[in-house]
Chemist: 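After the structure tokens below, expect a handful of questions from me.
Each ligand, and each atom within it, is numbered from 1 in the order the structure gives. It should be emphasised that the depicted structure is a prediction, and the values quoted were computed from it without experimental measurement.
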Amino acid sequence: MNIKKLIADSIAVEIDGVDFEKMIIESVFVDNGDYCLPCFALAKTLHKSPMLIAEEISSSLKVSQYIEHTECKSGYLNFFLDKSKVAEEIIDELKSISAFKNEKNNKIICIDYSSVNLAKYMHIGHLKNTIIGESIARICENLGYKVVRINYIGDYGTPFGKIIAAYKMWGNSEDVDRRGIDALQDLYVKFNQEAEINPELEEVARNYFKKIEEKDEEIYPLYQRIINIAVKEAERLLNILGVKFDSWRGESYYSEQLDKVVNMLNSKNLTKVSEGALIVDLSQFDMPPCLIRRSDGASLYATRDIAAAIDRYDNYKFDKMFYVTGHEQMLHFKQFFKVLELAGYDFSKNLEHIHYGLFSLPTGKISSRKGKQATLVDLIDYAKSKANEVIKDRTFTIEKPDDVAWKVARGALNFNALKVEVGKDCLFDVDKAFSFDGETAPYMQYSYTRIESILRKAKELKVNSKADYSVLTNEAFELVKSCNNVRNAIEQAFTKREPSMVVKCAMDICKTLNKYYASTKVLDGESAQISAKINMLGIVKNALTVLFHLICIDTLQEM
Ligand code: ARG
């Protein structure tokens, strides 16, 4: 329900160029009603005092069943709503979960996220990337878009030559079979250490990489084996996070389309040779040149992205495509978007780079374990152990403690990846993240379980009389209003590509809910009154279910 519109509709006065709906605001103090119309801005145009304007508007108001009465005070027209009527209407409108979702539309959005470089362990930055991408994907789906999730894996480049070089010198097949990704990582790290002492090793790695590119009979299968192991590990971790991709087509696939890209750009007279390399000059647009082909004939990051964008448009005919990465890749995206535009690809205007700030752990926590950056595995393990601590004294009758622990752990991880605005840097204080106090995931999950528990008890009471909404207090009205706001918040989050707005909306509901609990005994009173309160909690439950899903937080039955 659009409460502001409903109030604006009761205003009979018409003033050229004035949209009352936009002027109406929520009152700060209860004494000033629920909503008010400040009349100061109108004084200039109408050459009357704000007070007089308020009185004139007030005296010609149309009768509305939702407005109890109005008052003119200090240049404001204050509206006092019939709260139980408004609440009843909103509850009725929102009682099914589909009221918090849009109908399907025919539009397609591709999202390129997670996109890990397979030569390295996944780390805390990948959590941020993956969860921002997943949350945006879910927000799009909520609004009816069809989403294609693309994991553009980094399966190309000299790092793989390094792993193979190291394997040839120090590795063995059984160890790789047995320890998988860990064996590969050890080889990669050892290579880099040795190459510092003996820089000639770099050349060896480059040669192995060349052999990969040439699909050398011996080396290429080895490369494929490495990729398989790394992909399996990435899949395993993403599965734990609850994220599944539609496409894993990565950089190596597009490295083979170098000629195609070069020919296309040549035919449009966009290329130039500079120091042996092929470039697109972007100086006109205040950007350094976009490198297309290296002087040794290899493709570049931008070349592969150009090929990928064209391929994806051919495959999916997307209406929009988002790429999620850190700020540091901003120039890269600007450059190849521009090249696609210059080459006449109309879809280039629908490409968007969503870039996020640093996400780091405070020192002394797991970030310094083993003296290296925390891997995603370390982070997940640490979160699990914290979650276990938090729930260890609780008893569960419905859910398994292990499941609860994992859902709490995952909730805390994801919440912290999303709570701060995408573009801002943020510190992930893993210990604070598990507190039940303050703005945390456990606080939200716990708020939700309280609804579940009341609804379970209510079922036993078997209340089914017609609801009497007059029992809803001011606190209840606030709660209904916060649910009424959900659709708007999701739409805003989409427009701004900002999952933190969904987090905020969910958090607001939880806080309002806890204020309500503090003021009211839900299961006390006559059955018609209990019915009204239960119906209201039903919509709060639906709202939170939808919102939690959008920010990748699990709902729990008990906690
Ligand atoms: N693999 C890259 C990295 O880890 C991110 C890829 C982002 N997507 C893209 N289409 N360039 O830095």
Side-chain angles (χ1 to χ4, degrees), residues 109-134 136-137 147-160 162-163 181 185 188 209 226-227 230-231 233-235 237-238 241 243 245-258 261 287 290-292 298-316 318 320-341 345 347-348 350-360 373 375-376 417 422 497:
I109 296 186
C110 288
I111 311 184
D112 172 322
Y113 65 108
S114 205
S115 302
V116 286
N117 289 339
L118 293 179
K120 291 187 201 150
Y121 276 127
M122 283 176 84
H123 56 77
I124 176 169
H126 294 113
L127 173 72
K128 177 102 173 164
N129 186 318
T130 304
I131 298 305
I132 289 177
E134 181 61 23
I136 290 177
V147 173
V148 184
R149 293 166 164 81
I150 301 173
N151 194 350
Y152 182 64
I153 45 175
D155 54 357
Y156 180 87
T158 23
F160 299 96
K162 290 183 183 177
I163 295 177
I181 191 77
Q185 283 300 306
Y188 187 61
F209 177 57
I226 292 169
I227 295 297
V231 164
E233 175 64 2
E235 243 169 348
L237 292 174
L238 291 169
L241 296 178
V243 177
F245 285 91
D246 301 299
S247 163
W248 286 70
R249 193 170 270 185
E251 289 193 52
S252 69
Y253 180 89
Y254 296 107
S255 70
E256 292 175 15
Q257 298 185 2
L258 171 66
V261 174
M287 282 188 260
C290 182
L291 272 63
I292 301 297
S299 73
L300 283 133
Y301 189 38
T303 331
R304 299 189 287 276
D305 256 324
I306 290 169
I310 296 171
D311 176 59
R312 291 171 190 172
Y313 189 74
D314 287 345
N315 283 336
Y316 306 115
F318 55 77
K320 281 200 180 300
M321 176 149 69
F322 301 152
Y323 298 82
V324 183
T325 82
H327 287 324
E328 66 286 350
Q329 297 199 23
M330 255 157 92
L331 178 62
H332 162 72
F333 284 94
K334 270 200 193 133
Q335 285 179 310
F336 88 80
F337 290 176
K338 194 48 142 190
V339 172
L340 283 165
E341 182 194 322
Y345 288 98
F347 70 72
S348 67
N350 299 321
L351 304 177
E352 232 182 278
H353 181 210
I354 298 174
H355 40 93
Y356 53 83
L358 273 183
F359 187 46
S360 48
Q373 195 179 26
T375 64
L376 188 53
V422 171
R497 323 289 188 229

Chemist: Closer than 3.5 angstrom, by distance alone: can the side chain of D155 be matched with the main-chain N or O of E251 as a donor-acceptor pair?
Modeler: yes
Chemist: Looking only at heavy atoms of G154, does any of them come nearer than 4.0 Å to an atom of ligand 1?
Modeler: no
Chemist: Check for me whether R304 has a heavy atom closer than 4.0 Å to any atom of ligand 1.
Modeler: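 In this structure, R304 fails to qualify as a contact of ligand 1 - no heavy atom is under 4.0 Å.
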Chemist: Write out the residue and atom name of the closest protein heavy atom to atom 4 (O) of ligand 1, then the distance separating them to 0.1 Å.
Modeler: N117 ND2, 3.3 Å
Chemist: Apply the test ring pair (Phe, Tyr, Trp, His ring centres under 6.0 Å) to residues Y113 and F322: give CA-CA distance (whole Å), side-chain angles for both, the deciding distance (0.1 Å), then the verdict.
Modeler: CA-CA 8 Å; Y113 65 108; F322 301 152; over 10 Å; no
Chemist: Can you tell which of Y113, Y254, Y323, Y301 gets a heavy atom nearest to atom 5 (C) of ligand 1?
Modeler: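 Heavy atom nearest to atom 5 (C) of ligand 1 belongs to Y301.
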Chemist: Among protein heavy atoms, which lies nearest atom 8 (N) of ligand 1, and at what distance?
Modeler: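 The protein heavy atom lying closest is D112 OD1, 3.1 Å.
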Chemist: Strictly by modelled atom types, are Q329 and Y301 linked by a side-chain donor-acceptor pair under 3.5 Å?
Modeler: yes
Chemist: Is there a polar contact, in the sense of an N or O pair closer than 3.5 Å, between R312 and ligand 1?
Modeler: no
Chemist: Are V422 and R497 packed together at the side-chain level, in the sense that at least one heavy-atom pair is separated by less than 4.5 angstrom?
Modeler: no
Chemist: I need the contact type for D305 against ligand 1. Using non-hydrogen atoms and a strict under-4.0 Å cut-off, is it side chain, backbone, both or neither?
Modeler: side chain
Chemist: Check step by step if side chain to side chain contact (heavy atoms under 4.5 Å, CB included) holds for R149 and I111.
Modeler: CA-CA 5 Å; R149 293 166 164 81; I111 311 184; 5.7 Å; no
Chemist: Give me the residue, atom name and distance of the protein heavy atom closest to atom 12 (O) of ligand 1.
Modeler: Q329 NE2, 2.7 Å
